[in-house]
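To start, the structure itself, in structure tokens.
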Amino acid sequence: MSTIHFRIDDETKRLAMQAAERQKVSLTELMRQRAEELAAEERQYQDNEHDAWLEQQIAVAFSRYDAGESQFISDEEMSSHMDELKAQAARGKL
């Protein structure tokens with residue numbers, strides 16, 4: 001757990017405390033809820049950014065395949081290739 005400290009003017013604090021009282025929670029709890037909401041929004045934003053990036057990478061891969069610039073290989077072939085690369089790296093050959 002972390003602690004957040006920030007300064008606000010007296011009027012803002014008074015109004016925020018009234019809003020918290022109306023919701024029957026402490027101002028600290030209300031601020032914690034707001035921070036959690038912001039964090040959830042950021043997680044969603046980052047997930048969407050990653051999804052867009054992944055979709056772009058997939059489109060690029062299919063474009064390269066359609067243009068004859070790449071080929072698909074089986075999972076077994078890929079695993080074998082990766083095992084060989086790992087062995088070379090372990091031997092200091094990469």
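When a residue number appears, it is its place in the shown sequence, counting from 1. Not measured: the values here are computed from a predicted model.
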Extract all donor-acceptor atom pairs below 3.5 Å that involve side chains of residues 80-94 and protein atoms in other chains or at least two apart in sequence.
from: Glu84; atom 1: OE2; to: Gln88; atom 2: NE2; distance (Å): 3.1

Verify same cluster id: Phe62, Val60 (apolar side-chain graph, 4.5 Å) = no

Where Ser70 and Ala61 come nearest, the two heavy atoms and their spacing | OG-O, 4.1 Å

Could you pull out all residues at least two apart from Ser26 that satisfy side-chain contact (heavy atoms from CB on, under 4.5 Å)?
-> Thr28, Glu29

Expected output: side-chain Glu77 to main-chain Ser74 donor-acceptor under 3.5 Å | yes

Evaluate the side-chain proximity of Thr3 to His5: yes if any heavy-atom separation is below 4.5 Å, no if none is.
-> yes

If we ignore angles and hydrogens, is there a donor and acceptor under 3.5 Å between the side chains of Asp66 and Ser63?
-> no

Identify whether Ile4 and Ile8 are in the same connected component of the hydrophobic contact network (ILVMFWY, side-chain heavy atoms under 4.5 Å).
-> yes

Report, as yes or no, whether the 6.0 Å neighbourhood of atom CD on Gln71 holds more than 12 heavy atoms from other residues, nucleotides or ligands.
-> no

Neighbour count above 12 (heavy atom, 6.0 Å) for Glu76 CD | no

same_hphob_cluster(Tyr45, Leu38) at 4.5 Å side-chain heavy-atom cutoff = no

Would Tyr65 and Ile73 show up in the same hydrophobic cluster when neighbours are defined by side-chain heavy atoms closer than 4.5 Å?
-> no

Measuring from Glu37:CD to Arg32:CZ, what's the distance to the nearest 0.5 Å?
-> 13.0 Å

To the nearest 0.5 Å, how far apart are CD in Glu41 and CD in Gln46?
-> 12.5 Å

Rounded distance (nearest 0.5 Å) linking atom CG of Asp9 with atom NZ of Lys13 | 11.0 Å

To the nearest 0.5 Å, how far apart are CG in Leu54 and CD in Glu49?
-> 13.0 Å

At their closest point, which heavy atom of Ala19 faces which heavy atom of Leu30, and how far apart are they?
-> C-CD2, 4.5 Å

Rounded to the nearest 0.5 Å, what separation is found between the CG atom of Leu15 and the CG atom of Asp10?
-> 11.0 Å

